[in-house]
Colleague: 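Please read through the structure below; I'll follow up with questions.
Residue indices begin at 1 and follow the sequence shown.
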Amino acid sequence: MVNDQDVPQDTSEATMSPAQDQFGPPARIKKDYAGYLVLIAGIGALVWGLVSAVGTGWGFWEYTSGLKGVTGAFLLGIGAILIGLFQAWRLRKSVAPPPRTRRWIGMLVALIYVGWVGTFLVKALTVPAIHDVSTDLADPPAFKTLQLRADNLDNVPGADDLKMRGLTPQQRWGVVHQKGYGDIRSVRINEPVAMVIAKAERLAKARNWDIAISLPAEGRLEATETSAFFQFKDDVVLRVRPSDTGEGSIVDMRSVSRVGLSDLGMNAKRVRDFLADLTGTVTATP
């Protein structure tokens, strides 16, 4: 008689898991090439954009090259987001999808950068494409210490507009300015000229502006504000004159960007905010 213990037993089926018995061997996780691509593109877009901006501010290249870099990085970020979304759609029914962490991190970083740049693009579509803002369009305050850019009126919008045919660049600037920034106008302060200039100088210093000249007796202040990343410089002139009645002062302000065609509304915001603080009210803000 043969003992059952002496018979070799086939344990291959006994040791097989139910899942393996039913579905076969476990699926192999594929390499996450798309995830790496999205991660690299997302982080690369952010780094490229920041380097383009900061490099411009440090003088490594012209501002036009910096803006091209920011734009290229913006497009790269959009590409990262689209690839990530496509990959998520393609793998939506996969039994063993690759890890999603890389893909989501890359998409998140790209979204942050694209959203940041997108705010400026939206702003550019909602404000006039000018870089010179003044409270007095008929007689803008003149720069005497700082120099107004030579091409200030070279690219004023409206040259091809039939409604502005025959107008000079200065007249077109006035029309576009009035339509976009009709709320910006001269303000009256019930204080003497010298006192207004002294207060304006304190406000300018508090904003870390570089003051070129401050003449309380003459009623004039000129200063420059520098932006953070690109180090763009915008020049400001404040003109304060006695009112016609001799009571109080009439304040006019002008803010001009040194480079670029559109200032994305920054000069108008500067004028509104500064005059609001100078007058101690919010009447300068729309």
Colleague: With a 4.5 Å cut-off on side-chain heavy atoms, are E225 and K233 touching?
Modeller: no

Colleague: What I want to check is whether the side chains of T56 and W61 have a donor and an acceptor closer together than 3.5 Å.
Modeller: yes

Colleague: Which pair of non-hydrogen atoms, one from G265 and one from V127, has the smallest distance, and what is that distance?
Modeller: N-CG2, 3.8 Å

Colleague: So does S227 get a backbone contact from the side chain of Q231, meaning a donor-acceptor N/O pair under 3.5 Å?
Modeller: yes

Colleague: Within a strict 4.5 Å, meaning less than it, do heavy atoms of the I211 and K205 side chains meet?
Modeller: yes

Colleague: Hey, could you give me the CG/CZ distance between L221 and R239, rounded to the nearest 0.5 Å?
Modeller: 14.0 Å

Colleague: When rounded to the nearest 0.5 angstrom, what distance separates CD in E201 from CD1 in I213?
Modeller: 10.5 Å

Colleague: What is the minimum heavy-atom distance between G84 and V38, and which atoms define it?
Modeller: N-CG2, 3.7 Å

Colleague: Just wondering, do E247 and R188 contact through their side chains at under 4.5 Å, heavy atoms?
Modeller: yes

Colleague: Assess whether atom CZ of R165 is packed by more than 12 heavy atoms of other residues, nucleotides or ligands within 6.0 Å.
Modeller: no

Colleague: So, do L85 and W89 sit near enough that their side-chain heavy atoms are less than 4.5 Å apart?
Modeller: no

Colleague: Under a 4.5 Å cut-off applied to non-hydrogen side-chain atoms, are V256 and L146 in contact?
Modeller: no

Colleague: Let's go through W48 and F74 carefully: what are the C-alpha distance in whole Å and the side-chain angles of both, what is the deciding distance for ring pair (Phe, Tyr, Trp, His ring centres under 6.0 Å) to 0.1 Å, and is it a yes or a no?
Modeller: CA-CA 9 Å; W48 186 8; F74 177 78; over 10 Å; no

Colleague: For V193, is there any backbone N or O sitting under 3.5 Å from a side-chain donor or acceptor partner on S249?
Modeller: yes

Colleague: To check you understand the geometry: which heavy-atom pair defines the closest contact between G180 and P128, and what is its length?
Modeller: CA-CG, 3.7 Å

Colleague: Within a reach of under 6.0 Å around CZ of F143, are more than 12 heavy atoms found that belong to other residues, nucleotides or ligands?
Modeller: yes

Colleague: Does any donor atom in the side chain of N267 or S257 lie under 3.5 Å from an acceptor atom in the other side chain?
Modeller: yes

Colleague: Using a strict cut-off of less than 4.0 Å between a Lys/Arg side-chain nitrogen and an Asp/Glu carboxylate oxygen, indicate whether D235 and R258 qualify as a salt bridge.
Modeller: yes

Colleague: Are the side chains of F232 and T226 in touch, meaning some heavy atoms are under 4.5 Å apart?
Modeller: no

Colleague: Between W58 and F230 (judged by ring centroids, cut-off 6.0 Å), do the two rings come close enough to count as a pair?
Modeller: no

Colleague: So does D151 have more than 12 non-hydrogen atoms from other groups sitting under 6.0 Å from CG?
Modeller: yes

Colleague: Indicate yes or no: at least one non-hydrogen side-chain atom of K144 is less than 4.5 angstrom from one of V237.
Modeller: no

Colleague: Flag the pair H177 / V133 as yes when at least one side-chain heavy-atom distance between them is below 4.5 Å, and no otherwise.
Modeller: yes

Colleague: Identify whether the distance between the nearest side-chain nitrogen and carboxylate oxygen of R241 and D252 falls below 4.0 Å.
Modeller: yes

Colleague: Do you know which of D234, N152, N155, D263 makes side-chain hydrogen bond (donor to acceptor under 3.5 Å, both in side chains) with H131?
Modeller: N152

